[in-house]
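Here is the structure we will look at, set down as structure tokens.
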There are 2 protein chains.
Amino acid sequence: MPVSKKEVSPCPIDAMLSVIDGRWKGTILWRLLDGPMRTNELRRSIPQITERMLIRHLQELVQDGILERHEEKQVPPCVRYSISSYGMTMVPVLEAICVWGRRHLETSHPSKRERLPSIT
Amino acid sequence: MPVSKKEVSPCPIDAMLSVIDGRWKGTILWRLLDGPMRTNELRRSIPQITERMLIRHLQELVQDGILERHEEKQVPPCVRYSISSYGMTMVPVLEAICVWGRRHLETSHPSKRERLPSIT
DNA sequence: CAGGATCCATAACGATACTG
DNA sequence: CAGTATCGTTATGGATCCTG
């Protein structure tokens, strides 16, 4: 087991996790995989999320370059969020995560001590 | 955009995140990708981690079936952790995460407001 | 409708001392 | 060496009210 660059570099797993981590980010991305959505549309589609957390997470995802925010100047405001082209590079990984996650859900493992289910 | 089963099932992304989520789990798994390690060995390889969190995370990962704990009965104790065969099913996904994470680190995105670097 | 501002609860994490 | 126990801190998320 050779000394790898692990010795000196930050953990890339964490690098990605830091982007998709947050109580609802996984769910938000999951929803946006189907296409752009408006803020309220997203909110309704994730019943348990609060206004605050939705906005917060959306902003962070935008900051990280994963999402794009399209605002149509008008009253009342109309904002649409979509996965950016950079965010798209993450999609295959997200899908792999989905696949494993789905199997894990079925595998009905003893300890599901967590955040699930996020959508009921 | 058809109505998918998303309407009724928990989010599979979260399902997987719930397993690898935790301040140091990503890093721990990342290290174990190279092979089994002893508790203290792991600890030394992740300087900033505290005893408590290491043990906690290891236990959770074992509970979730991702890790295996091999204890050799002797004094002083010798415990080795390794990725279980179930955990192995997750490895390709972890690797995909690593690949994206590495690119993301290089992409030097503006907001790296997070947990990084976890290994200095 | 989108989102800012406040206030609060608590889960997650960290430091440290201790035990078989 | 591996793991417990206790305690303090802080980050995260939640509830609510408010505004252009």
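Hydrogens, waters and symmetry mates play no part in the numbers below; they use all other heavy atoms, side chains included. By convention in this document, chain letters (A, B, ...) are assigned in the order of the sequence lines, proteins followed by strands, and residues within each chain are numbered from 1.
One can place NZ of B:Lys25 at 16 Å from P of C:dA11, the figure rounded to the nearest angstrom. In this structure, the CG atom of A:Asp21 is 15 Å from the P atom of D:dA11, given to the nearest Å. In this structure, the CE atom of B:Met37 is 15 Å from the C1' atom of D:dC1, given to the nearest Å. In this entry the distance linking CZ of A:Arg80 with P of C:dG3 reads 13 Å, nearest Å. Rounding to whole angstrom units, CZ of residue B:Arg56 and P of D:dT4 are separated by 11 Å. We find that CG of A:Leu58 is positioned 7 Å from P of C:dG3, with the value rounded to whole Å. A:Asn40 places its CG atom 5 Å from the P atom of C:dA2, with the value rounded to the nearest Å. Summarising the geometry, the separation between NE2 on B:His70 and C1' on D:dA2 is reported as 16 Å, rounded to the nearest angstrom.
In this structure, B:Met37 and B:Ser45 approach most closely via the heavy-atom pair CE-OG, 4.0 Å. Contact between A:Leu105 and B:Pro12 at its shortest, heavy atoms only, is CD1-CA, 4.2 Å. The shortest non-hydrogen separation linking A:Met88 to A:Ile83 is N-CG2, 3.6 Å. What you find for B:Ala15 and A:Gly101 is that their closest heavy atoms are CB-O, 3.7 Å.
For the OP1/OP2 pair of C:dC1 and a distance below 4.0 Å, the side-chain nitrogens and oxygens of A:Gln74 include no atom meeting the criterion. Taking only side-chain nitrogens and oxygens, A:His57 comes nearer than 4.0 Å to OP1 or OP2 of D:dG13. For B:Tyr81 and D:dC1, the shortest distance from a side-chain N or O to OP1 or OP2 is not below 4.0 Å.
No contact: A:Arg43 has no heavy atom under 4.0 Å from any strand. A:Arg69 comes within 4.0 angstrom of the backbone, heavy atoms only, and of no base.
The bend of the helix from C:dC1-D:dG20 to C:dG20-D:dC1, defined by the angle between the axes of its first five and last five pairs, stands at 40° to the nearest 10°.
Listed by chain and residue number, nothing satisfies the salt bridge (charged side-chain N to carboxylate O under 4.0 Å, His left out) test with B:Arg38 (two or more places apart in sequence, or in another chain).
Comparing atom distances between the A:Arg38 side chain and each of C:dG4, C:dC1, D:dG3 picks out C:dC1 as nearest. With C:dG3, C:dC1, D:dT4 as the choices, the nucleotide that has an atom nearest any side-chain atom of A:Thr39 turns out to be C:dG3.
Interatomic distance, B:Glu41 CD to B:Arg43 CZ, rounded to the nearest 0.5 Å: 12.5 Å. Taking OH of A:Tyr81 as the start and CD of A:Gln59 as the end, the distance is 6.5 Å to the nearest 0.5 Å.
Judged purely by atom type and a 3.5 angstrom limit, B:Arg80 has no side-chain atom pairing as donor or acceptor with the backbone of B:Arg69. Put simply, the side chain of A:Ser84 gets close to the backbone of A:Ile66: a donor and an acceptor are under 3.5 Å apart.
A 4.5 Å side-chain heavy-atom check between A:Lys25 and B:Asp14 finds every atom pair outside the cut-off.
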Under 4.0 Å protein heavy-atom contact, by nucleotide of nucleotides 14-20 of chain C - B base, S sugar-phosphate only: BB-B--B
